[in-house]
Amino acid sequence: TWTFSTLLHAYSRGGNMQRALEIFNDMEAIGVVPNVICFTTMMSACQRGGQWQQAVLLFQKMEAAGIEVDVVAYNAVISAYAKGKKWEKAWAAFTSMRQAGIQPNTVSYNALISACERCGEVERALEVFQSMRREAPRTFGYVDPSIVTFNTLISACGKAGMLDQALSLRDQMISWNKTPDVFTMAGLLKACERAGKWEKAVEIFEAFEKQGMKPNLVVYNSFINALGTGEQWEQAFGVYRTMKEKKDVRPDVITYGSLMYICDRSNNWQLALDLDKEMQAAGVKPNSYVFISLLNACERGQQWVRALEVYRAIQDQPEAGQ
RNA sequence: AAGCCUAUAAGGAU
């Protein structure tokens with residue numbers, strides 16, 4: 001059983017859900033009975049493969065098989081519902097965990113907060129956080145908010161454009177001795193973007209760097225988006241240039257998608273075509289986000305011939321036609 | 001600890 005769960009975990013981490021499923025099925029054929037750990041590992045593999053419903057089915061199968069379901073397994077099913085944006089289901093799973101006499105831990109709360117976050121239910125997420133804080137003193141650290149708790153809440157506020165609330169959570173986080181990280185950064189930048197405060201994004205980004213923290217790819221991309229939404233076209237491209245100079249970050253297809261969208265909105269088809277060349281030179285494969293903004297930029301600039309050329313290039317790039 | 005939790009882009013449809 002130990003051998004199988006280790007194998008499953010390896011394939012799960014490698015993103016090979018198919019292979020993990022085969023192994024899981026082989027177990028039963030060989031007569032090895034999967035335990036809770038094998039089941040939760042398999043659930044995790046399904047989630048990585050975007051198959052959250054499969055993960056839920058596995059959980060139900062496990063219960064039906066009379067296997068003792070533990071906290072980690074419950075956490076995995078809450079997380080599966082979070083991935084599927086089913087916060088009510090996640091909530092129900094959290095409740096039934098208690099009814100089964102299992103004490104939720106920090107990860108259980110985080111998974112539930114994440115479900116609310118994905119559904120845009122900020123108030124609900126904050127409510128869950130309140131109960132977490134109420135329960136924390138009685139549980140000897142078992143449900144203490146973690147850095148993930150704060151980051152998830154900040155992200156929820158960010159999506160809703162609740163900048164002040166997001167900043168207040170960052171301060172609370174620091175008072176709990178959690179150091180803001182790149183996830184925190186991305187959430188705060190999103191909050192600035194949604195609140196229409198690009199200046200604040202600049203301020204936060206600079207303060208972050210001044211404290212010796214290294215922005216990663218997602219942080220740079222979020223920063224570009226905050227500037228783009230604020231119509232700070234030049235600055236956004238300035239960030240892109242900075243990225244190219246860094247050794248540890250490389251613009252990706254999301255970076256180019258965001259920048260291409262900026263070209264479109266700023267009515268700059270020439271820049272869009274230049275950017276397209278740069279992207280090719282950088283070896284980044286365009287996707288439909290990039291192509292659509294590029295086509296829109298050509299359309300806006302009434303560059304019909306160029307648009308047709310781009311269109312032909314798409315035909316040669318079949319995997320981008322999602 | 002063999003398993004669980006967090007962040008980034010466009011148009012269309014819903």
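Chain letters run A, B, ... following the sequence lines, proteins first, then strands; residues in each count from 1. Because the structure is predicted, anything quoted here is derived from the model rather than measured.
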Does atom CD (A/Glu68) have a neighbourhood of more than 12 heavy atoms from anything else shown, all under 6.0 Å? no

For this output row, return yes or no: ring centroids of A/Tyr109 and A/Phe94 closer than 6.0 angstrom. yes

Once you round it to whole Å, what is the distance between P of B/rA10 and CG of A/Asp264? 12 Å

Contact letters for nucleotides 4-9 of chain B, in which S counts primed atoms plus P, OP1 and OP2 and B counts the base, heavy atoms under 4.0 Å: BBBBBB

For this output row, return yes or no: ring centroids of A/Phe129 and A/Phe150 closer than 6.0 angstrom. yes

Regarding A/Asn216 and A/Asp248, do their side chains bring together a donor and an acceptor under 3.5 Å, going by distance alone? no

Separation of atom CD1 in A/Ile292 from atom P in B/rA10, rounded to whole Å: 11 Å

Does a side chain donor of either A/Ser146 or A/Thr149 reach within less than 3.5 Å of an acceptor in the other side chain? yes

Regarding B/rG3, can its base be found pairing with the side chain of A/Asp70 as donor and acceptor, where the two atoms are less than 3.5 Å apart? yes

Rounded off to whole Å, could you give me the CZ-to-P distance for the A/Phe59 and B/rG3 pair? 19 Å

Please enumerate all protein N or O atoms sitting under 3.5 Å from an N or O of nucleotides 12-14 of chain B, with distances to 0.1 Å.
none

Take atom CG of A/Asn35 and atom C1' of B/rA1, then tell me their distance rounded to the nearest Å. 14 Å

Could you tell me if the ring centre of A/Tyr220 sits under 6.0 Å from that of A/Phe205? yes

Can you confirm whether or not the ring centre of A/Tyr74 sits under 6.0 Å from the ring centre of A/Phe59? yes

For A/Phe39 and A/Phe24, take the angle between the two ring planes, folded into 0 to 90°, and tell me which bin it lands in: parallel under 30, tilted 30 to 60, perpendicular over 60. perpendicular

Over how many whole Å does the gap from A/Leu7 atom CG to B/rG3 atom P extend? 13 Å

